[in-house]
Amino acid sequence: MNEIINYDHIYDSMMKCRKTVSWKPSVKHYLLNSVEESLKMEKELENGTWKNGRPKKITITYPKRREGLSIPFRDRVYQRCLNDGALYPQMTRSFINNNCACQLKKGTDFARKEIKKHLWNYYCHFGNHGYVLQIDIHGYYANMSHKLVDDTFSSIEPEIHDRCMDVLNAQYSGDIGYNPGSQMVQIAGISVLSKLDHYIKERLRVKHYIRYMDDYWILTDKRDQAEEWLTEIKKQLGKLGFTTSDKKTMITPLNKGFLFLGFNYKMTGTGKIIMTLNSQSTRHERRKLKRMAANVKKGTLDESKMNESVNSWKAFVEHGNSYKLINRMNKFYEEALNAKH
């Protein structure tokens with residue numbers, strides 16, 4: 001435990017936490033006194049006088065409106081020590097490969113590559129005729145039991161377990177529900193369904209399977225098999241206190257295409273995989289560009305910032321078949337800028 005909460009690790013965690021938030025007054029204060037603050041935290045953790053701070057509630061508006069938490073910078077540093085030094089490595093070592101979210105060298109890009117790999121391997125045996133089973137959990141974090149997280153984290157060292165649960169209990173009251181904003185909650189999100197991942201792969205013997213947080217993707221050549229798996233997975237989720245979303249849980253013919261992680265996928269009869277951006281994301285980007293162009297006109301936004309945003313969006317959509325979309329957006333971008341003169 002000493003190597004996790006010593007000065008060097010605390011200071012290293014502070015350097016990681018400062019990224020993108022160093023402009024905040026509270027963060028500036030900590031950074032200006034980083035040596036003293038890190039030594040103070042080390043001493044408090046060693047003598048048992050450390051107290052977890054109180055997070056502030058915030059509202060997240062995109063991609064959907066929900067409540068979140070803003071955690072004091074000092075607490076973020078401490079939690080980063082626990083997460084990176086012990087919780088994350090101890091929890092993730094038993095994960096299946098296609099548990100794709102919030103891990104080193106994994107994420108949405110990794111998940112999309114795995115989708116393409118599974119689709120091609122499937123096509124080599126069955127062509128483009130099959131069924132995609134997608135399962136989404138209704139209110140995943142909002143309905144996550146605190147006892148379930150406690151039980152899930154019980155596989156790690158007792159002292160680390162107790163410290164992690166002290167953090168979560170200080171941030172979240174009641175017996176059920178978490179809000180986004182905490183890295184520790186993210187680790188809980190990718191961990192509590194890990195045993196179910198193994199059940200699906202090893203007991204149900206599902207070959208083409210991917211999970212991104214609470215979104216399940218399964219590919220099979222038989223519809224009745226997809227229905228059986230859906231029934232069984234719903235049953236197992238129910239034991240954990242979760243229910244599925246009726247709107248987002250579905251069985252779709254493979255040749256009709258499906259939506260996953262913001263992109264529409266469709267496989268042609270020749271095995272070509274066409275991947276296009278979800279139209280909702282395109283509409284959101286156009287509205288965003290209009291707002292930014294208006295702010296450039298008012299002089300409240302530098303045009304270079306708008307360019308950075310556009311280039312970032314282009315880099316994202318280039319993961320799919322987006323040549324025509326990018327050309328249309330370039331034209332829209334030019335029109336939005338010219339409209340300000």
Side-chain angles (χ1 to χ4, degrees), residues 13-34 37 53-77 79-80 101-102 107-109 112 141-142 171 178-183 185-186 213 259 261-264 275-341:
S13 297
M14 179 269 294
M15 295 300 289
K16 292 177 182 176
C17 290
R18 66 180 289 184
K19 295 178 180 177
T20 73
V21 295
S22 58
W23 57 271
K24 294 183 178 181
S26 59
V27 179
K28 287 181 180 178
H29 171 79
Y30 191 104
L31 296 178
L32 287 171
N33 304 278
S34 57
E37 289 286 351
R54 288 184 173 274
K56 184 168 33 174
K57 291 184 178 181
I58 59 173
T59 300
I60 301 170
T61 58
Y62 185 79
K64 60 183 178 181
R65 192 176 184 86
R66 61 193 190 279
E67 297 300 316
L69 289 183
S70 176
I71 299 170
F73 185 74
R74 192 164 179 262
D75 288 68
R76 285 190 179 277
V77 174
Q79 292 174 35
R80 188 88 187 220
C102 303
T108 53
D109 289 348
R112 293 178 188 118
Y141 282 110
Q171 292 176 352
Y178 294 100
N179 294 332
S182 166
Q183 186 188 12
V185 171
Q186 280 190 333
M213 199 60 79
L259 172 66
L261 296 180
F263 282 87
N264 294 299
M275 182 177 161
T276 56
L277 187 68
N278 180 21
S279 59
Q280 183 178 346
S281 298
T282 304
R283 290 194 295 270
H284 174 266
E285 183 63 20
R286 290 169 71 93
R287 290 194 295 267
K288 180 181 175 182
L289 276 179
K290 283 184 177 180
R291 290 195 301 269
M292 295 180 79
N295 289 332
V296 169
K297 181 179 179 180
K298 295 175 185 176
T300 57
L301 179 70
D302 192 281
E303 191 171 317
S304 63
K305 295 294 184 182
M306 184 175 179
N307 290 333
E308 287 178 13
S309 177
V310 171
N311 290 333
S312 176
W313 181 83
K314 287 180 184 177
F316 165 66
V317 301
E318 282 175 351
H319 287 101
N321 304 90
S322 54
Y323 177 78
K324 292 182 179 179
L325 173 61
I326 290 176
N327 284 340
R328 290 197 301 270
M329 192 59 73
N330 284 337
K331 184 178 179 181
F332 183 85
Y333 171 65
E334 292 175 3
E335 291 174 351
L337 283 179
N338 290 334
K340 71 184 179 70
H341 296 299

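One is the number of the first residue; the rest follow in order along the sequence.
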Colleague: Hey, are the side chains of M14 and F73 touching, using non-hydrogen atoms and a 4.5 Å cut-off?
Modeller: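 The answer is yes; the side chains approach within 4.5 Å.
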Colleague: Do R286 and F332 form a cation-pi contact, if we require the NZ or CZ to be under 6.0 Å from the six-membered ring centre and within 45 degrees of the ring's axis?
Modeller: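 Yes, a cation-pi geometry.
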Colleague: NZ of K305: more than 12 outside heavy atoms within 6.0 angstrom?
Modeller: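 Count not over threshold, so no.
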Colleague: In Å and rounded to the nearest 0.5 Å, what is the OG to CH2 distance from S322 to W313?
Modeller: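 So the gap between those two atoms works out to 7.5 Å.
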Colleague: Output the distance between atom CD (Q79) and atom CD1 (I71), rounded to the nearest 0.5 Å.
Modeller: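 Here the rounded value is 4.5 Å.
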Colleague: Tell me, with the steps shown, if V310 and M292 meet side-chain contact (heavy atoms from CB on, under 4.5 Å).
Modeller: CA-CA 10 Å; V310 171; M292 295 180 79; over 6 Å; no
Colleague: With sequence neighbours left out, what residues match S309 under side-chain hydrogen bond (donor to acceptor under 3.5 Å, both in side chains)?
Modeller: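 Here the qualifying residues are K288.
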Colleague: Mind checking whether F263 and N278 have side chains closer than 4.5 Å, heavy atoms only?
Modeller: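 With C-beta onward as the side chain, the pair stays apart.
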Colleague: In Å and rounded to the nearest 0.5 Å, what is the SG to CZ distance from C17 to R76?
Modeller: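 Spacing of SG (C17) from CZ (R76) equals 7.5 Å.
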Colleague: Kindly give the heavy-atom pair with the smallest separation between P55 and P72, and that separation in Å.
Modeller: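 Taking every non-hydrogen atom into account, CA-CD, 4.0 Å.
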Colleague: Distance check, rounded to the nearest 0.5 Å: L261 atom CG versus H319 atom NE2?
Modeller: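 Here the rounded value is 12.0 Å.
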Colleague: Just verifying a value: how many Å separate L277 CG and N321 CG, rounded to the nearest 0.5 Å?
Modeller: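 So the gap between those two atoms works out to 11.5 Å.
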Colleague: For the residue pair I326 and M329, establish whether any side-chain heavy-atom pair is separated by less than 4.5 Å.
Modeller: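 I326 does not reach M329 side chain to side chain.
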Colleague: Checking R80 side chain against Q183 main chain: does a donor-acceptor pair fall under 3.5 Å?
Modeller: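 Not a single qualifying donor-acceptor pair exists.
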Colleague: Are K314 and N330 linked by a side-chain donor-acceptor pair shorter than 3.5 Å?
Modeller: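 Yes - a donor-acceptor pair under 3.5 Å links their side chains.
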Colleague: Restricting to non-hydrogen atoms, name the atom on S304 and the atom on D302 that form the minimum distance, rounded to 0.1 Å.
Modeller: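 It is OG-OD1, 2.5 Å.
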Colleague: Does the side chain of N264 reach to within under 4.5 Å of the side chain of M275, using non-hydrogen atoms?
Modeller: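 A side-chain contact is absent here, since even the closest heavy-atom pair is not under 4.5 Å.
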Colleague: Please list, chain by chain and in numerical order, all residues satisfying salt bridge (charged side-chain N to carboxylate O under 4.0 Å, His left out) with E37, sequence neighbours excluded.
Modeller: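 Salt bridge (charged side-chain N to carboxylate O under 4.0 Å, His left out) check on E37 returns R74.
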Colleague: Within a strict 4.5 Å, meaning less than it, do heavy atoms of the L325 and R328 side chains meet?
Modeller: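 They are in contact (side-chain heavy atoms under 4.5 Å apart), so the answer is yes.
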Colleague: Examine distances only and state if a side-chain atom of N295 and a backbone atom of L301 form a donor-acceptor pair shorter than 3.5 Å.
Modeller: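 Checked: no pair found.
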Colleague: For residues 21-34, dump all side-chain donor-acceptor pairs below 3.5 Å to protein atoms at least two apart in sequence or in another chain.
Modeller:
from: W23; atom 1: NE1; to: T20; atom 2: O; distance (Å): 3.1
from: N33; atom 1: ND2; to: H29; atom 2: O; distance (Å): 2.8
from: S34; atom 1: OG; to: L31; atom 2: O; distance (Å): 3.4

Colleague: Is S70 reaching over with its side chain to a backbone N or O of K56, donor-acceptor style, under 3.5 angstrom?
Modeller: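 Pair absent, no side-chain N/O of S70 close to backbone of K56.
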Colleague: With a 4.5 Å limit on heavy-atom distance, are the side chains of M306 and L289 in contact?
Modeller: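 A side-chain contact under 4.5 Å exists here.
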